[in-house]
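Numbers restart at 1 for each chain; the letters A, B, ... are given by sequence-line order, proteins then strands. Computed from a predicted structure; not experimentally measured.
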Amino acid sequence: MSVAESGSTTAGVRASSASVLAWLGVVPFFLFAGLFLILPTGFLIVGAFQDAQGHFTLANLAGLAHPSIVKAYTISLEISVASALAGAAIGFALAHAAVLGGLPAWIRPTLSTFCGVASQFAGVPLAFAFLATLGRTGLVTWALMQWGGINLYATGFNLLTFTGLTLTYLYFQIPLMVLILTPALDGLRREWREAAETLGASTGQYWRQVALPILWPSLLGATLLLFANAFGAVATAYALTGSSLNIVTILLYAQIRGDVLHDQNLGYALALGMIVITGLSNVAYIWLRSWAERWIR
Amino acid sequence: MRRSRFGSWLAITLGSLYFIVPLIGTFEFSLRMKRGTYSFEAYRVVLADPHFQASFTYSTLLALATIAVGTILVVPTAYWVQLRLRRLRPVVEFITLMPLVIPAIVIVFGYIRLYNSQSILPLTDSSFGTDALLCFGCVTLALPYLYRSVDTGLRAIDVRTLTEAAESLGAGWFTILTRVIFPNIRSAVLSGAFLTFAIVIGEFTFASLLNRPAFGPYLQLVGANRAYEPAALAIIAFVVTWACMGLIQVVGTVRDAGRPK
C-alpha cells in the first residue's frame, strides 16, 4: 500500500507513516546486502558487458571461448558433477542406513554430529589431510605398498588431478548430503511402506513406485546444491594443487591476483560465467525444493 | 530384513573408514617430524611459530568481530520481519541465501573492484578499511547460517506477545531487543555464532585476496613450504571445528533441557 493511496483520512495517514517507520527497521539489512553482496556482484556483471572504455560489448563473452578458459570451465564442471553425483549416491546410502537401516540408535546422532563437523572441515586443512593420507608419502600410499604390494602412483593415480580432487571434495560433499537428506528420509511415513506391503509390493516396487517419486526432488535438489558447492570451492584446490590444475576458480584467483588474462573485462566475464552456472543450479534447487515440500507435509 | 541390515552396516563401515582414515593418516604424518620416532615436534614447532600465533589471533578477533556485526545486523532484522513485515520474509530469506549461490571468490572480486583506491569508498586504502571489508565479507559468508539459526530461534518464541507485554510495561524498542528478545533466543544466536567462528577461522579466499594476515593464508603458506607442520595444523584445525560443533550441540541440549514441556 502506498502513501498516496491511503493518505485520504487521518487514520490512513497515521497507518501509512507507521508502515514507513516499519520499513525503516529493515534499512540496515538492505543497505548491508546492497553494499556487500548485490552491488559488488552487479559491478562484475555490468563489467562483463563493457570494454575497457566502458562501452557496451559482447566481446568479453566471446572471449570466454578461448581454449584455456573453456578447458578450465570443463574441468571445473567435471569435478563438480562427479563429486556431486558420487557425494549424493554415497550420502544417500549412509543416510538411508542411519535412518531406515535398523541399526542401533546411537549410530544416527553420531553420524549427524560427525557430518556437521566434516561438512565444515573444508578448505586448506582438508587438502593437508589428503596429502598426508594419499600423497606420495601418505599413510595409505605407504600401507598399500607395504602390505598390498601396490604402488599407487605407478597405477597412474595422482592426488593432484581430477580423481584426487574429486576424492578430496567428497570429504565435505558426502556429509552435506547426509545432513540435507536425513530430514527427507524422515518424511517417508511408515504407513506408506506398510500400505505398499499390504498391497503385495516388493521392496524394489516400493522404492521405484512410492519412495523414489517422493524423494527424487529432494535428491536431485541436494545434488544440485552439492554441485554449486564444489564449483565455487577455491581453498582446497589451491592448497592441494597450487596452480597446476587449471580449474575456473583457480584461474579467477590468478586473474584477480595478477590479471593473467591481460584483460580486466574478460575477468568479469569469467566471474559472470560462474554466477550463471551456480545461479542456474540453485534456481533449479529452489524450484525442486518447493515441489518436494508439497509431498512431505 | 537381515540382509538389508547387513547392507546398512556395510555402508556405515565403509563410510566411517573413508572419514576416519584421512584423520589417522594426518595424525600419523604429523608425528613423523623426528626421524625414526614418533613425536609432537611438529606441534611444538607450529605452536611456537610467531606467525602462527599472530595469524590465529588475527582470525580469532576477525571471527569475534564477524559474530558481533552479524548478530547486530541479523537479530533486529529477523525480529522486525517476524513482527511487522512478514510479507518481506521471502525477500529477506532469498538475500540471506545468496552467498550460497554466488561463489565467495566472485564476491571478493567485486569488493576489490568496487572498493579500490580509485572508487568513491576506497576501503582497501587503509589496513583498517581492509579489515572492515574483510569482516563484512565474512558476515556475508556467514549470513545464510546466522540468519537461519536466529530465525528458527524467533519462530520458537511468541515474538508478538513478548513485544506487547514489554511495550505495555513502557519498554522502548532497544530495551525490548536487548532485554526481552535477545535473552530468549540466546542459544539460537550462540549456535549461529559457533558456526560462524568455524567458518571464519579457516577462511582463505577473502583473506588471501584482500592480503590480510589471517589464519587461512598462513595455512596455505606453510603448506607450500613445509612437510610435517601442515599435518599438525590440519589436526589443530579439525579440533577447532570439532570444538565449535560440539559447543553447538551443548548449547542445543541446554536449550531443550531448559524449555518447559
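- Shown here is A:Trp207, whose CH2 atom has more than 12 heavy atoms of other residues, nucleotides or ligands within 6.0 Å.
- Note on A:Gly267, A:Ala233, A:Ala122: by heavy-atom pairs under 4.5 Å with chain B, the leading option is A:Gly267.
- Of the atoms belonging to B:Leu88, it is side-chain heavy atoms, and not backbone ones, that fall under 4.5 Å from chain A.
- In this structure, B:Phe238 and A:Val117 have side chains that are in contact, with non-hydrogen atoms separated by less than 4.5 Å.
- Only the side chain of B:Glu28 comes within contact range of chain A, with heavy atoms under 4.5 Å apart.
- One N or O on the side chain of B:Tyr111 and one on the backbone of A:Phe36 form a donor-acceptor pair closer than 3.5 Å.
- Taking all atoms of both residues into account, the shortest heavy-atom contact from A:Pro104 to B:Trp9 is CD-CZ2, 3.4 Å.
- The side-chain heavy atoms of A:Val124 and B:Tyr218, taken from C-beta on, include no pair separated by under 4.5 Å.
- Residue with the most contacts toward chain B among A:Ile45, A:Thr137, A:Leu126: A:Thr137 (heavy-atom pairs, distance under 4.5 Å).
- Heavy-atom pairs under 4.5 Å with chain A were tallied for B:Val222, B:Leu83, B:Leu209, B:Thr205; the largest tally goes to B:Leu209.
- Contact detail for A:Ala132 and B:Ala231: the closest heavy-atom pair is CB-CB, 4.5 Å.
- Between chain A and the options B:Thr241, B:Ile248, B:Ile107, B:Leu143, the largest number of non-hydrogen pairs under 4.5 Å is found for B:Thr241.
- For B:Pro22, the parts lying under 4.5 angstrom from a heavy atom of chain A are both the backbone and the side chain.
- Looking at A:Ile38, only its side chain comes within 4.5 Å of chain B, counting heavy atoms on both sides.
- B:Tyr115 is listed as a side-chain neighbour of A:Leu35, based on a closest heavy-atom distance under 4.5 Å.
- Looking at B:Ala237, both its backbone and its side chain come within 4.5 Å of chain A, counting heavy atoms on both sides.
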Quiz item: Should A:Tyr238 and B:Ser208 be marked as a side chain to side chain donor-acceptor pair (under 3.5 Å) after you check the CA-CA gap, both sets of side-chain angles, and the distance that decides it?
Solution: CA-CA 11 Å; A:Tyr238 189 71; B:Ser208 162; over 6 Å; no
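- Looking at A:Tyr268, both its backbone and its side chain come within 4.5 Å of chain B, counting heavy atoms on both sides.
- What you find for A:Leu44 and B:Gly110 is that their closest heavy atoms are CD1-N, 3.7 Å.
- Highest contact tally toward chain A, considering only B:Ser16, B:Ala234, B:Ala227, is held by B:Ala234 [criterion: heavy-atom pairs under 4.5 Å].
- The greatest number of non-hydrogen atom pairs below 4.5 Å with chain B, out of A:Val140, A:Thr113, A:Thr249, is found for A:Thr113.
- Heavy-atom distances place no part of B:Ile72 under 4.5 Å from chain A, backbone and side chain included.
- Around CZ of A:Arg193, the count of heavy atoms belonging to other residues, nucleotides or ligands within 6.0 Å exceeds 12.
- Annotation: side chain of B:Ile105 is in contact with side chain of A:Met274 (closest heavy-atom distance under 4.5 Å).
- Side-chain contact check for A:Ile174 versus B:Phe19: some heavy-atom pair is nearer than 4.5 Å.
- In this structure, OG1 in A:Thr133 is found 8.0 Å from CG in B:Leu23, a value given to the nearest 0.5 Å.
- Within the 4.5 angstrom heavy-atom criterion, only side-chain atoms of B:Val91, from C-beta onward, approach chain A.
- The most heavy-atom pairs under 4.5 Å with chain B, out of A:Leu103, A:Leu111, A:Val234, A:Val283, come from A:Leu103.
- Put simply, the side chain of A:Thr278 never gets that close to the backbone of B:Ile102: no donor and acceptor are under 3.5 Å apart.
- Interface remark: B:Ile112 contributes side-chain atoms only to the contact with chain A (heavy atom separation under 4.5 Å).
- Heavy-atom distances place no part of A:Ser112 under 4.5 Å from chain B, backbone and side chain included.
- Looking only at side-chain heavy atoms (C-beta outward), A:Leu37 and B:Pro99 come within less than 4.5 Å of each other.
- For B:Leu85, the part sitting under 4.5 Å from any heavy atom of chain A is the side chain, from C-beta outward, and nothing else.
- Heavy atoms of A:Leu252 lying under 4.5 Å from chain B belong to its backbone as well as its side chain.
- Put simply, the side chain of B:Arg84 does not reach to within 4.5 Å of the side chain of A:Val26, judged on heavy atoms.
- Using a 4.5 Å cut-off between heavy atoms, A:Leu170 contacts chain B through both its backbone and its side chain.
- When heavy atoms are compared at a cutoff of 4.5 Å, B:Ile235 does not approach chain A at all.
- At a 4.5 Å heavy-atom cutoff, the contact between B:Trp242 and chain A is made by backbone and side-chain atoms alike.
- Ranking A:Ala129, A:Ala98, A:Ala239, A:Pro109 against chain B, the residue ahead of the rest is A:Ala129, based on heavy-atom pairs under 4.5 Å.
- One N or O on the side chain of B:Tyr18 and one on the backbone of A:Tyr171 form a donor-acceptor pair closer than 3.5 Å.
- Interface check for chain A: of the options B:Ile12, B:Leu14, B:Ile236, the most heavy-atom pairs under 4.5 Å are formed by B:Ile12.
- Comparing B:Val139, B:Val74, B:Val81, B:Leu100 by heavy-atom pairs within less than 4.5 Å of chain A, the highest count is held by B:Val139.
- In this structure, CZ on A:Phe29 lies 6.5 Å from OH on B:Tyr147, to the nearest 0.5 angstrom.
- Taking the six-membered ring where the residue is Trp, B:Phe136 and A:Phe32 present perpendicular rings, their angle passing 60° and hence far from 30°.
- By the 4.5 Å heavy-atom criterion applied to side chains, A:Arg257 and B:Asn211 are counted as neighbours.
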